[in-house]
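Reviewing the structure listed below.
Order of the sequence lines sets the chain letters (A, B, ...), proteins ahead of strands, with each chain counted from 1.
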There are 2 protein chains.
Amino acid sequence: MAHGIDDVARAAGVSTATVSRALRGMPNVSAKTREHVLSVASEMGYRASPLAAALASGRTHTIGLLTPWVNRWFFSNVIEGAERALREVGFDVLLYSFAVSENGRTPRVDPDVLRRRVDGILVVGLPLEDTEVRSLETLGKPIVFIGSGSSDHPIVGIDDVRLSVEAVRYLLSLGHRNIGHITGTPDDLRRWTPPVDRRQGWLTALEETGVAADPRWEEFGFFDIDGGKESARRLLERAPELTALFVASDEMAMGALLAARECGIRVPEELSIVGVDGHEISELVGLTTMSQPVVSQGATAAALVLDLIAGRPVDRRVVFDAELVVRGTTGPPREGVLRMGGPGL
Amino acid sequence: MAHGIDDVARAAGVSTATVSRALRGMPNVSAKTREHVLSVASEMGYRASPLAAALASGRTHTIGLLTPWVNRWFFSNVIEGAERALREVGFDVLLYSFAVSENGRTPRVDPDVLRRRVDGILVVGLPLEDTEVRSLETLGKPIVFIGSGSSDHPIVGIDDVRLSVEAVRYLLSLGHRNIGHITGTPDDLRRWTPPVDRRQGWLTALEETGVAADPRWEEFGFFDIDGGKESARRLLERAPELTALFVASDEMAMGALLAARECGIRVPEELSIVGVDGHEISELVGLTTMSQPVVSQGATAAALVLDLIAGRPVDRRVVFDAELVVRGTTGPPREGVLRMGGPGL
DNA sequence: CTGTTAGCGCCTTCAA
DNA sequence: TTGAAGGCGCTAACAG
């Protein structure tokens, strides 16, 4: 039942080398020989052992997927996209979750585990320390980052500054001027660019319109629902003049919604909220958000490693567009006074 | 930089066989030889090529993880648990997502892709067709199911009937008698036991109490938020006498919450809702639910395949307990009339 | 306890 | 275009 390449060679009356060439679609095989070999092989149900092939050729047809979490929205969707794209072209995906150390100084990725096991590496989400990237580079395999990464390798993501400017401009166009911001940047993740860039976009959009962003209008916290809730609570108590919130992720925005509800603040009548992500649940909660394509980012990153492996030239950076999705959590500010002359979007 | 086993053998002044034995902790090596080999190897930064080792030994130290989705709550959490448990003991995880065909007749898993690549298989979530299971069995490797599976292989999961009885008993103990049920069973997933069992539990608990379950009290739909919302809308319109809903998943329950809100029905004053899962978001939405340990199920399934691989005896079925978590979506029925003499929980 | 010797199943020069 | 033969890097009998 489990045939080897020489069983096929014998049955087809050719050498193993010819079988190997025919099956892999190499050019130097006559059409009729190939056809014959192919039919014999399929008749026998033959499949080359990926292990043996990898050992002999040095190519594993496997991609190592490094991720801090598999059970979080952004990550699981990227993985989904990458896995499907890779499987489609016959590549396997080895899943490696690594710890997100709070103190940030424990080495989290061990290149030796990947050595001689993969043809390329995909790093999802969290940026690695320089030393970690260097150690991965010793593998001599292509590396592609998704979401946030190292400057020396291709990265696919979104333009966080731009998208944030757009979100805040939308709020400005509704008449809001007192717009707060909730972000998340634990100390050890300073190099995680999305939150930093989103904050920058918020500042930029306000400046454009001549609004001075009061430092009291921003709040830091954890990047999940709970974190958003706590941050929003503090923010709303401290700065009651705020009529709108630009929140750096949908999950935090949902937390903000909960906080508003608990404080008895009606959304959007008294407070408008815009998130970032396009989380499925946001749709059902009616959250206005900047929606980003996540599965596509995974698929694109997969295509990039494959290009790199094949020696094709690739873009150093692929940027996806985020799209403003207006839903129920945004409206004109509570004073009902639209100050004309704003940017208008 | 990339040494082979014979480099180490030469450097240590022993044979490759001894190096191999020493490094793998085999018994027949003298203590001092082992120590010496180990130190030489680590000095050289040597790691055995998993590929070559697998080819020579027939053991790949890799588990194939089959799942219909990686970006859904239950699945991503099971994967997370399994991956971490496997990596801890040096096993790799090959991720295979397979299509969930709506018509149910397209073969979704191709055993040939796994042939000679894995030592064992984990199937997460959806049950496979008998033919699919048979084809996987031709690989001759242990298979473990999580959540729902085939009778011929170990399965880890929860007792859906029991948990549902408990959930409904809780509603009964609050005084509810008109308790509806929302479930999801697309036609091609008849063999997906959780929804079937949860429905059974609902029926059983009602019967115990002498309540006749009106067929109008149950509604089928899709197993996500949207599906729950639609189902709840239909149910609430059709059977206004309902004072409580037992919903077969948290996501559907969240949909039901949305539907209630849109219909102007207050929760829990006018309608109590209980879900199943223990989804993180439910916690923040304040949903009462039967919480199941999911990461643990993944980790346990991982331990089971490892046992099977090692030839250790294993339980054919590992059942985890679900736990009632009472939060804000449940309360006494709207009439405020507690009919005494109920089961009392 | 240790070394020798075949493979594991395929790919890939090199000749023909 | 095809075949022969030597690895890829390690494990596992079998001797010693």
Side-chain angles (χ1 to χ4, degrees), chain A residues 1-38 40-41 44-62 90 92 112 114-119 139-140, chain B residues 1-38 40-41 44-62 90 92 112 114-119 139-140:
Chain A
M1 197 54 172
H3 298 288
I5 195 173
D6 22 47
D7 294 316
V8 180
R10 208 170 304 126
V14 296
S15 72
T16 62
T18 301
V19 174
S20 174
R21 288 190 279 248
L23 257 36
R24 288 182 300 146
M26 311 225 65
N28 41 0
V29 183
S30 76
K32 74 181 315 184
T33 305
R34 158 168 299 127
E35 198 179 334
H36 180 225
V37 170
L38 252 47
V40 170
M44 301 175 66
Y46 170 77
R47 289 282 185 109
S49 155
L51 253 47
L55 183 60
S57 69
R59 270 167 265 112
T60 63
H61 283 264
T62 301
D92 282 332
D112 288 319
L114 293 179
R115 180 151 284 140
R116 308 196 241 217
R117 285 234 64 177
V118 301
D119 290 343
L139 296 177
Chain B
M1 198 59 171
H3 298 288
I5 195 173
D6 23 48
D7 294 317
V8 181
R10 208 171 305 128
V14 296
S15 72
T16 62
T18 299
V19 174
S20 176
R21 287 190 281 248
L23 258 35
R24 288 181 300 148
M26 311 226 64
N28 41 2
V29 182
S30 76
K32 74 182 313 183
T33 306
R34 157 167 298 127
E35 198 179 334
H36 180 223
V37 171
L38 253 47
V40 170
M44 302 174 67
Y46 169 77
R47 288 282 186 111
S49 155
L51 254 45
L55 184 60
S57 69
R59 270 167 266 111
T60 63
H61 283 264
T62 301
D92 282 333
D112 288 320
L114 293 179
R115 181 150 285 139
R116 307 196 243 215
R117 285 235 63 178
V118 301
D119 291 343
L139 296 177

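Pairs of residues two or more places apart, or lying in two chains, never qualify as salt bridge (Lys or Arg N to Asp or Glu O under 4.0 Å) while including a residue from residues 12-32 of chain A.
If you measure from atom CZ of B/Arg10 to atom P of D/dG9, you get 13 Å, rounded to the nearest angstrom. The interatomic distance linking B/Asn28 (CG) with D/dA15 (P) rounds to 17 Å, in whole Å. Residue A/Arg117 contributes atom CZ, which lies 14 Å from atom C1' of D/dG9 at whole-angstrom precision.
Between A/Asp119 and A/Thr62, the closest side-chain pair of non-hydrogen atoms is not below 4.5 Å. A heavy-atom distance below 4.5 Å is not found between the side chains of A/Arg115 and B/Arg47. At least one side-chain heavy atom of A/Leu51 sits under 4.5 Å from a side-chain heavy atom of B/Arg117.
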Scan nucleotides 6-16 of chain C nucleotide by nucleotide, 5' to 3', and note B when protein non-hydrogen atoms come under 4.0 Å of the base, S if they reach only the sugar-phosphate, - if neither.
-BBBBSB----

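For C/dT2, one of the phosphate oxygens OP1 or OP2 lies less than 4.0 angstrom from a side-chain nitrogen or oxygen of B/Ser30.
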Only distances under 3.5 Å count here; give the side-chain donor-acceptor pairs of residues 5-12 of chain A to other protein atoms, sequence neighbours excluded, each with its distance to 0.1 Å.
residue: A/Asp7; atom: OD2; partner: A/Gly4; partner atom: N; Å: 2.7

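A distance-only check finds no donor-acceptor pair linking the side chain of B/Arg116 to the backbone of B/Leu55 [under 3.5 Å].
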